[in-house]
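Note sheet for the following structure.
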Protein chains: 2
Amino acid sequence: MKKKTTIYDIAKELNITAATVSRALNNNPRISEETKKLVLAMAAKLNYKQNKLALALKSGKSNNVGVVVPFINRNFFSSVIRGIEEELNPKGYNVIISQTHEDEKKEIDIVQNLLNSQVESILISVSRNTRTNEHFKQVLRKNIPLIFFDRKLELGGVSSVTLDDFQGAYQATEHLIEQGCKHIAHMTIDLALLIYQNRLAGYKQALEDHGMEFNPDYVVGLKSEIVAGKDAAKKLMDLPKPPDAIFSANDLGALGAIQYLKEIGKKIPEDCCIVGFSNEPFTQFMEPPISSVDQSPLPMGKTAAKVFLEQINSKGVKIEKSVVLDPTLEIRKSSLKNGK
Amino acid sequence: MKKKTTIYDIAKELNITAATVSRALNNNPRISEETKKLVLAMAAKLNYKQNKLALALKSGKSNNVGVVVPFINRNFFSSVIRGIEEELNPKGYNVIISQTHEDEKKEIDIVQNLLNSQVESILISVSRNTRTNEHFKQVLRKNIPLIFFDRKLELGGVSSVTLDDFQGAYQATEHLIEQGCKHIAHMTIDLALLIYQNRLAGYKQALEDHGMEFNPDYVVGLKSEIVAGKDAAKKLMDLPKPPDAIFSANDLGALGAIQYLKEIGKKIPEDCCIVGFSNEPFTQFMEPPISSVDQSPLPMGKTAAKVFLEQINSKGVKIEKSVVLDPTLEIRKSSLKNGK
DNA sequence: TTGTACGCGTTATCAG
DNA sequence: CTGATAACGCGTACAA
């Protein structure tokens, strides 16, 4: 009961050799139907299960891929992982997940460990605090595909799947302009990060393209919290000419803004339109439901997985692919001025 | 560059044998400091990485565990997984995740595949539609620890970590009673499932223990959607004697109820107190913030991982442990009648 | 202190 | 069509 049955066990039972058993199990054409039957029957009887470890060692293919994210229980990341798993599991791959907790040291450890575990690829959303890339270079040196998703580092030879933040911000801002808003503010998070720079740039570009003036006073920073959103909103509303629309670089900021505006008796969207970013699940439940830029995490995961599959199938040829996904603006009540 | 370096490579380089290298790397006491130094240096130089596959095959320990959930991008499940990963990763285990999509056939396939992959344990939240248990028995037959979390099946030899739904419902109901509510309704989901039966039972028990009458009219069913919550709330409010409190078995129901009550001009919590179940992230963002029973997913994950570790460390001795976690009621404004 | 030889479970190669 | 053997990379008795 305890010992796992191997092909030797079933070979012995049938008075044939393990090689034959292996061939029968793998449907090798040059094997008699007769023995194939026998082997299959005996395998079933002994409850034989192929040991993938041995296969992996022999073939050099572990059929495991490593997925690394800062935290797995964030809606965005868990959705990306879902996409990856759904794409890769049917192809016979196992998905190993690890969390960096936004810690560079941990990230390095994880990557080393995954390499030790002989994963066939590493798909990673780089930690916010990662400053070096030696660990990534090591992955490349081993010739195993490395794929960045959402958060990337500049590094030759690495494929990536990211979101067009600029485009998302542009769409959001343009939408607000189309609603007739004349003074559009922007709440940003951390301008040290590329994604927020891009969102700011998209916002600016949309203003410019529609002949609207960019006003630095309309750009306020916030931390990733509701209270921060409230504070930022207060700052904006205390301006001599308060804005009539706010595009926040995250959803919590948008929520905080809405709460503050309600507190001071403003109506949304009549007095001020709001658009957030990320399309977190809660946005659709709010009153009013909050418009937000969707980051399409599921497609991002599936795409990342597909890029890996391409890479693995193009033996020898090194490919470096950069996929940039288009975000889609989910328009809801918080930014819909004119009815419908 | 392409070939991975093995202990043989570094042995050859140093004119010693692979065995010695292996020992040096593993800090075997009976090895000269001299050669140890040399080996370590050469290992670093050649960028040697231990091949865990070979080790796993040799030792019979893969250092992988499989975690199976219906969908990974549900807040509850991803949080449980986070707990598992955080507990197991430091111990050197890799966490392989798979999703059943609530499909029994898929679940069976996944379990088989994990067995093939030689995982050391399977931690699973059973699919809602699973009716058989042959695949689980197989796991037990192979003598690998099987641990159910959140959703369990009755099966000897399997450990489990679940939530005390009865207790959670009891607490919620008792809290409403303490707020002075006299007519407490209950929204339930699917009474075919044990967890909802238990929540209903906890609700009833709390009423009874406080000398309050159970009124079947106050129990309404709902699907897991907001609109369902609205419909159910309407049904309740149309009763001759509408309730002054609602305890919903999920958060979406609570949210729908709040939205409907607001629509018809009721004030929350003054006219009607609301408590939900699950403590989904959005509950805290709502207006008013919704009280809810927290299912402590993180502790559940950590506990499940610990149970596995115990099991693996108690060689030979079969243990079957059932941990039932106490839920904690998160009290928020939606159920706080008397100030504070 | 170090070397020799073997086995973990598979498959691929080469004979037969 | 099938058997024997080597090899994947590692750790470990046993021997020296």
Tell me which donor-acceptor pairs under 3.5 Å the side chains of residues 37-54 of chain A have, and how far apart each pair is, sequence neighbours excluded?
unit_1, atom_1, unit_2, atom_2, d
A:Asn47, OD1, A:Lys49, NZ, 3.1
A:Lys49, NZ, B:Gln112, OE1, 3.4
A:Lys49, NZ, B:Gln138, OE1, 2.6
A:Asn51, OD1, A:Leu53, N, 2.8
A:Asn51, OD1, A:Ala54, N, 3.4
A:Lys52, NZ, B:Asn113, OD1, 2.7

**Study point:** Between A:Arg82 and B:Asn73, a side-chain donor and acceptor under 3.5 Å
**Key:** yes

Study note, to complete from the structure: side chain to side chain donor-acceptor pair (under 3.5 Å) filter on B:Asn15, not counting sequence neighbours, yields none

Review point. Is a side-chain donor-acceptor pair under 3.5 Å present for A:Thr132 with A:Glu104?
Key: yes

Review point. Do any side-chain nitrogens or oxygens of B:Ser22 fall under 4.0 Å of OP1 or OP2 in D:dG11?
Key: yes

Review point. Do we see a donor-acceptor contact under 3.5 Å between the side chains of B:Lys152 and B:Ser160?
Key: yes

Point to revise | Distance-only polar pair, side chains of A:Lys36 and A:Asn27, donor-acceptor under 3.5 Å | key: yes

Check your understanding: B:Glu107 and B:Thr130: side-chain donor and acceptor closer than 3.5 Å?
Key -> yes

Point to revise | side chain to side chain donor-acceptor pair (under 3.5 Å) partners for A:Thr17, two or more places apart | key: none

Exercise for review: Please indicate whether B:Glu34 has more than 12 foreign heavy atoms, meaning atoms of other residues, nucleotides or ligands, lying under 6.0 Å from its CD.
Suggested key: no

Revision key, fill the gap. Within residues 7-14 of chain A, those residues having any heavy atom closer than 4.0 Å to DNA chain C are A:Ile7, A:Tyr8

Study note, to complete from the structure: Separation of D:dC8 atom P from B:Lys4 atom NZ, nearest Å, is 14 Å

Exercise for review: Not counting sequence neighbours, list each pair that qualifies as a ring-ring contact (aromatic ring centres under 6.0 Å, His included) and has a residue in residues 86-142 of chain A.
Suggested key: A:Phe71-A:His101, A:Tyr93-A:Phe308, A:Phe136-A:Phe148

Practice item. State whether B:Arg141 and B:Glu134 are salt-bridged, where the test is any N-O pair (Lys NZ or Arg NE/NH1/NH2 against Asp/Glu carboxylate O) under 4.0 Å. Key: yes

Study note, to complete from the structure: In short, ring-ring contact (aromatic ring centres under 6.0 Å, His included) pairs touching residues 22-47 of chain A with sequence neighbours left out are none

**Study point:** DNA chain C contacts made by residues 48-65 of chain B, counting heavy atoms under 4.0 Å
**Key:** B:Leu57, B:Lys58

Exercise for review: Just report the end-to-end axis angle for the helix from C:dT1-D:dA16 to C:dG16-D:dC1, five pairs per end, to 10 degrees.
Suggested key: 50°

Practice item. Name all pairs fulfilling the salt bridge (Lys or Arg N to Asp or Glu O under 4.0 Å) condition that reach into residues 12-22 of chain A, sequence neighbours left out, sorted by first residue then second. Key: none

Check your understanding: So which one's nearest nucleotide on DNA chain C is more toward 5', A:Thr6 or B:Arg23?
Key -> B:Arg23

Practice item. To the nearest Å, give me how far apart CD1 (A:Ile16) and P (C:dG16) are. Key: 21 Å

Check your understanding: Residues from residues 25-41 of chain B sitting under 4.0 Å of DNA chain D, heavy atoms only?
Key -> B:Asn26, B:Arg30

Review point. Looking at B:Thr17, does any N or O in its side chain come under 4.0 Å of the phosphate oxygens OP1/OP2 on C:dT2?
Key: no

Practice item. If a pair satisfies salt bridge (Lys or Arg N to Asp or Glu O under 4.0 Å) and one of its residues is in residues 67-76 of chain B, list it, with sequence neighbours excluded. Key: none

Exercise for review: Test side-chain hydrogen bond (donor to acceptor under 3.5 Å, both in side chains) on B:Asp150 and B:Thr162 and set out the steps.
Suggested key: CA-CA 4 Å; B:Asp150 191 46; B:Thr162 52; over 6 Å; no

Point to revise | Nucleic acid contacts - residues 114-121 of chain A versus DNA chain C, non-hydrogen atoms under 4.0 Å | key: none

